Each structure stands twice: as C-alpha cells, then as structure tokens.
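I have placed the structure first, in the form of structure tokens, so that the comments after it can refer back to it.
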Amino acid sequence: VAPIGAYLKADMSIRCDTELHEQWRAAAMAMFFVYGLGVPLGGVILLYQYRGDRLLQKETLGIYGFLYSGFTMKKYYWEFVVMFRKMAIVFVYVFYQGSEDYSSLFGLWLISVFLFINIFTQPFQRRQYWQLENLSLASIVITVNASILFQPRFAIDPVVEGVVTYFIFFVTLAAILAFFYQLAQCGKYKLYMYIGVDGDAELTFDEFWTMTREKMLDQQVPEGQQV
C-alpha cells in the first residue's frame, strides 16, 4: 500500500510533504531563530552597555526602563530570559517533528527547568511578582502533566477524563484568583504610599475615608485666597 503522505491537522486538504511546504518551513524556522534569538540577544547587548548606575539614570529609565524596571539591578536582563523561555517552548511544540508524546514531555521538562531557575534566582524587585511568576510556571507544569493523560496511549475512561478536566480547570482558576489577589495586594501597597498610611500596616475603611477627606480638604483654596 502506498503511503498517503502528511497533511496539516487543522486543514487536511493541505499537504505537508511537498517541496513548497519544506521551503516555507525552512524560511519560517530561519526567521524564528533570527527573531527569537536575535531580539533577546540584541536586548542584552544593548542593556549591558548601560549596566550599573547608568540604568538608574532618568534618561535611561525613560527610554529602556520598561525592559528592566521590574527586576533587580543584577538581573536587568531577565526580560530576555523570559523571551528565550517562550521561544524554546514554542520550538518544542511547533518545530519538533517527532511524536506528540515526546513533545509534551520535552515541554514539561523545559518549563520545570525554568521554574527551578526562577525559584532560585529571584530576579524580581517585588516578592509578589516573583511569587506570581512561580505560580504561573507551576500551574503550567501541572496542566501539561495532567494533559498527558489525554494521549491515546493511556485510553482513559470518560470518568477519569472528566476528573482530569475538572482538575485542570480548578488549577487554572486557582492561578487566576491568586493573580488577582496579588494584584490587589500591590494596589494596596501603592495606596499606602499615596495616602501615607503607617502604624499597623492595615488599612481600614475608616482610615481610608479619613485620610482621603483630609487630603481633599488640604487641596481646597482658603476663602481668603479665592479670586
């Protein structure tokens, strides 16, 4: 029996074993490496020229601050580590030509490695950001690990499939809720800085209302100075 060839899973009318397809695939892989490796490497080289106290200068922060302002000065390049991590994951899941079973395992191992790196390096200025990044990577590890059970070689029954589906759903939901919780915490700290709360580091509604009213009163123009 002659082989039927390879076809695009999303559109079975498109063949993936033609010479034209291989040409486009080679071009896509070349651009993937040029963009995926070139941009992070170029960014690191650029920021390296401003390393040290120059990264804290107003002019440098105004131009390049969005690339490193959330990280410690020793880890000013970490945004490009994140970009490389995303590129590596995409490469495993998109360009790997072996079995899907292996691509899932390789992706799982890769994400786990970056999770351990993030835990032990702590590149963020705020602990909340570090915790969110760890939580995000951990939830991805759990989700990918659980999704491996959906591979045909396991042939799980509908009950187990439902349990795994709900498990993945609740893990994702927990990660989202934790994100909004940490976001609220960061907003609370910003609020502390704005209204000058001190003491027990707990903001009650009465404290918030009193300080907000006092600031509004301070900003009013006295009657004797009105024009």
Side-chain angles (χ1 to χ4, degrees), residues 32-33 35-93 106-147 168-203 208:
F32 177 80
F33 280 104
Y35 178 79
L37 288 179
V39 172
L41 183 60
V44 171
I45 294 174
L46 176 65
L47 291 183
Y48 183 78
Q49 300 174 1
Y50 294 91
R51 66 190 183 280
D53 295 337
R54 294 185 63 186
L55 290 175
L56 301 176
Q57 294 178 356
K58 185 176 181 180
E59 181 180 356
T60 307
L61 281 169
I63 300 175
Y64 304 113
F66 70 98
L67 294 173
Y68 63 88
S69 58
F71 306 105
T72 63
M73 287 298 96
K74 291 184 178 180
K75 299 295 188 301
Y76 63 88
Y77 53 84
W78 202 258
E79 181 66 29
F80 304 105
V81 175
V82 175
M83 293 180 64
F84 176 77
R85 181 187 74 203
K86 295 177 180 179
M87 184 210 70
I89 294 173
V90 170
F91 179 81
V92 168
Y93 282 100
F106 293 156
L108 177 62
W109 297 342
L110 186 63
I111 299 170
S112 300
V113 168
F114 279 104
L115 173 60
F116 283 114
I117 292 175
N118 194 75
I119 290 175
F120 289 108
T121 55
Q122 216 296 58
F124 296 91
Q125 290 185 11
R126 289 183 175 273
R127 184 176 179 85
Q128 289 82 6
Y129 300 157
W130 176 62
Q131 291 174 339
L132 281 175
E133 186 74 2
N134 291 335
L135 179 64
S136 174
L137 292 173
S139 63
I140 295 174
V141 169
I142 295 173
T143 301
V144 174
N145 198 5
S147 65
I168 294 175
F169 170 77
F170 283 114
V171 168
T172 305
L173 179 62
I176 294 174
L177 293 177
F179 169 78
F180 282 107
Y181 172 77
Q182 293 291 357
L183 189 65
Q185 292 294 105
C186 293
K188 184 172 69 173
Y189 296 145
K190 291 285 187 181
L191 189 62
Y192 287 167
M193 295 172 61
Y194 176 73
I195 64 179
V197 176
D198 54 7
D200 58 359
E202 291 293 336
L203 179 65
F208 170 76

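Nothing here was measured: the structure is a model prediction, and the numbers come from that model.
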Trace of the side-chain contact (heavy atoms from CB on, under 4.5 Å) decision for Val44 with Tyr77: CA-CA 6 Å; Val44 171; Tyr77 53 84; 4.1 Å; yes
side-chain contact (heavy atoms from CB on, under 4.5 Å) for Tyr68 and Leu61? Distances and angles first, verdict last. CA-CA 9 Å; Tyr68 63 88; Leu61 281 169; 3.4 Å; yes
Leu137 and Arg85: side-chain contact (heavy atoms from CB on, under 4.5 Å), yes or no, with the steps? CA-CA 11 Å; Leu137 292 173; Arg85 181 187 74 203; 3.7 Å; yes
Run the numbers on Val144 and Tyr93 for side-chain contact (heavy atoms from CB on, under 4.5 Å), then give the verdict. CA-CA 12 Å; Val144 174; Tyr93 282 100; 3.6 Å; yes
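Closest approach of Ile168 and Ala146 over heavy atoms only: CG1-CB, 3.8 Å. Taking each heavy atom of Val92 and Gly107 in turn, the nearest pair found is CG1-N, 3.7 Å. The two residues Gly43 and Phe80 have their closest heavy-atom pair at CA-CZ, 3.4 Å. In plain terms, the two heavy atoms of Val141 and Leu115 that are nearest each other are CG2-CD2, 4.5 Å.
A donor-acceptor pair is defined here as one N or O able to donate and one able to accept, closer than 3.5 Å; such a pair exists between the side chain of Arg54 and the backbone of Gln49. For Ser139 (side chain) and Ser136 (main-chain N/O), a donor-acceptor pair under 3.5 Å exists by modelled atom type. Using modelled atom types, one side-chain atom of Gln125 and one backbone atom of Phe71 make a donor-acceptor pair closer than 3.5 Å.
Residues Asn118 and Trp78 have side chains in contact (heavy-atom distance under 4.5 Å, counting atoms from C-beta outward). The shortest side-chain heavy-atom distance between Leu56 and Met73 falls under the 4.5 Å cut-off.
Ring planes of Phe124 and Tyr129: perpendicular class, angle over 60° (limits at 30 and 60°).
One finds the CD1 atom of Ile119 at 11.0 Å from the CD atom of Glu133 (value rounded to the nearest 0.5 Å). The distance from the CD atom of Glu79 to the OH atom of Tyr64 is 15.5 Å, given to the nearest 0.5 Å. Atom-to-atom distance recorded for Met87:CE and Phe32:CZ is 5.0 Å, nearest 0.5 angstrom. Atoms CD1 and CD1, from Ile111 and Ile89 in turn, are 4.0 Å apart once rounded to the nearest 0.5 Å. To the nearest 0.5 Å, the span separating CG on Leu37 from CZ on Phe91 amounts to 10.0 Å. The distance from atom OH of Tyr50 to atom CD1 of Ile63, rounded to the nearest 0.5 Å, is 6.5 Å.
Crowding of Phe84 atom CZ: a count of heavy atoms from other residues, nucleotides or ligands under 6.0 Å not exceeding 12.
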